[in-house]
Amino acid sequence: MSATSLSKDFVSSCLTGVADPVRGKDLVSSGALQWVSACDTYASIRLHLPANAGRAVFDQVAQLSHAKLSQIAQRNGSRVDSFIVEFVDDAGTVLHTARFGGMVASASNEPRGSASGSDSSPVSRSDRPEAGPTGASGSPAASGHTPIPGLQPANRPAGAGLPGVKHIIAVGAGKGGVGKSSIALNLAVGLARKGHAVGLLDGDIYGPSMPTMLGLAPLEQAVLHGKLQPFYIHGIKAITIGKLVDADRPLIWRGPMAHGAFKQLTEQTQWGELDYLIIDLPPGTGDIALTMAQSLALTGAVVVCTPQKVALDDAIRAARMFQQLNIEVLGVVENMSSFVGDDGKVYDIFGKGGAEVMAQRLGVPFLGSVPITMSLRANSDNGDPTANFTGADPAGTRLKSALEALVQNLESQIALGAMRSGREKPVLTIS
Ligand code: ADP
């Protein structure tokens, strides 16, 4: 970790110096601190306080926590650019959220405040590459691909990892509409909620959905010293082509443009240090996957499908594509495997269990299934994926446990994969 990085343990230790106004001890020993996520100079925490403590108390605790964290961080040669405090009740429902600092990430090695200084340039609409119709005359497509203005070309060997990024995981699907982006996003948010530093690359350059799903509409894309600065939101860092092109223009790329855009997004983003970078791929078995396989060393891929026979056939093709490209399939996710009504009643609309059978046939792990819920759709439309993990009604509880199980299984498969490839040795703990 670089000198300015905040860690989960560091944030927790700072909070031992802040009093729990309800229980009388500090926030850690009182049990109020439920969850910490830290990454570079950003941190999020979740505090459990009774609802009747009231908004003024929540704000005061958040301010004291921020002040304590900033003070100790500064003493240690670090800093806090963004700090989010979520207050939850017994059922995990979010009562109040306090935010300090911006949501756009700045480079961890830049001087304080430089993200909003003169070097930090939001990409203006007129500077944005326009994904024009194939072969449009005079379009920059003629030169191969459209460079994103202000970015420095990356000079990296093919097949390398990204500096500071431990695991790169692609999420693909045989066809569109099966919930690939939703699963990619929820995996990213779920991993971050477990305290990992996570990035999400919306590589679905033909139909980027992350601006909506993450609620990025009011935010501007920033470029700092020739690097795209990811948005820091919902505990993850995210970048999407959707913030670089006009939302109301069709995204039609020809091959080399698509490659160029994907590579620029991946390599010219200031990711900082990440435990996981999740890449949401375009649907199908097209060339973006090929570009990715050739240019990045991936930990593995996740294949998303729905239970219908036709969707499974497409998913088999997607899994085989990854295998052909020598990318390990970390597992298959069955999305929309059943519908859970708000009352918790389950309806198997598309059938159930097909993806698990398919995974067995292919000899790849099955990571789990995610039900259709009204809340997941609404939370995606409202740009609030965090709410998928905090639902308290019967459907919300099922969704939350399905997503948490998925995240847990993915982590296990990554750990197993690392052992198999000899990157990490198993640790035997005897108690
Ligand atoms: P893809 O990336 O495969 O095209 P998306 O993730 O964009 O699919 O999902 C398509 C639509 O289906 C979105 O409106 C999303 O909110 C919705 N959706 C996906 N999965 C679920 C689910 N499990 N429950 C409810 N809605 C879902």
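Both ligands and their constituent atoms are indexed starting at 1 by order of listing. As the structure is a prediction and not an experimental result, all values here were calculated from the model.
Here's the thing with Val370: none of its N/O atoms is less than 3.5 angstrom from an N/O atom of ligand 1. Every N/O-N/O distance between Gly176 and ligand 1 stays at or above 3.5 Å. In terms of N/O distances under 3.5 Å, ligand 1 is not approached by Lys175. Not one N or O of Ser209 is nearer than 3.5 Å to an N or O of ligand 1, by distance alone. The N/O atoms of Asn335, backbone and side chain alike, include one that comes under 3.5 Å of an N/O atom in ligand 1. At least one N/O-N/O distance between Ser182 and ligand 1 falls below 3.5 Å. Between Met336 and ligand 1, no N or O atom pair is found at a separation short of 3.5 Å.
Within 4.0 Å of atom 19 (C) of ligand 1, at least one protein heavy atom is present. Contact annotation for atom 13 (C) of ligand 1: protein absent (non-hydrogen atoms, distance under 4.0 Å).
Considering Asp202, Thr373, Val304 only, the shortest heavy-atom separation from atom 24 (N) of ligand 1 involves Thr373. Scanning Ser380, Gly172, Gly174 for the heavy atom closest to atom 16 (O) of ligand 1 points to Ser380. Remark: among candidates Leu403, Asn186, Leu376, the nearest residue to atom 22 (C) of ligand 1 is Leu376, based on non-hydrogen atoms.
Of the possible polar contacts, one joining the Glu334 side chain to the Gly354 backbone as a donor-acceptor pair under 3.5 Å is found. Remark: side-chain polar atoms of Lys180 are paired, donor with acceptor, to backbone N or O of Leu281 under 3.5 angstrom. Put simply, the side chain of Trp271 gets close to the backbone of Thr266: a donor and an acceptor are under 3.5 Å apart. Put simply, the side chain of Gln229 gets close to the backbone of Lys227: a donor and an acceptor are under 3.5 Å apart. Listed for the Asp280 side chain is no donor-acceptor partner under 3.5 Å among the backbone atoms of Asp202. Looking at Asp89, its side chain never comes within 3.5 Å of a backbone N or O of Pro50 through a donor-acceptor pair.
For Ala184, the closest heavy-atom approach to ligand 1 does not fall below 4.0 Å. Heavy atoms of Ala173 stay at 4.0 angstrom or farther from ligand 1. Residue contacts with ligand 1: Met213 is included, with a non-hydrogen atom under 4.0 Å away.
When only non-hydrogen protein atoms are considered, atom 8 (O) of ligand 1 lies nearest to Gly179 N, 3.1 Å. The protein heavy atom nearest to atom 4 (O) of ligand 1 is Gly177 N, 2.9 Å. Of the protein's non-hydrogen atoms, the one nearest atom 26 (N) of ligand 1 is Arg377 CB, 3.6 Å.
Ring pair His196/Tyr276 is perpendicular by interplanar angle, where above 60° counts as perpendicular and below 30° as parallel.
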Take Arg398 and Thr373 through the test side chain to side chain contact (heavy atoms under 4.5 Å, CB included) and record every step on the way to the result. CA-CA 9 Å; Arg398 270 177 176 269; Thr373 61; 6.0 Å; no

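Under 4.0 Å is where a charged nitrogen must lie from a carboxylate oxygen, and between Lys194 and Glu404 no such pair does.
Taking CD of Gln34 as the start and CD1 of Ile45 as the end, the distance is 11.0 Å to the nearest 0.5 Å. To the nearest 0.5 Å, atoms CD (Gln324) and CZ (Arg317) are separated by 12.5 Å.
Just one residue in the list Asp384, Asn186, Thr390, Asn388 forms a side-chain hydrogen bond (donor to acceptor under 3.5 Å, both in side chains) with Asn379, and that residue is Asn388.
Ligand 1 places these atoms under 4.0 Å from at least one heavy atom of Pro371: 22 (C), 23 (N), 24 (N).
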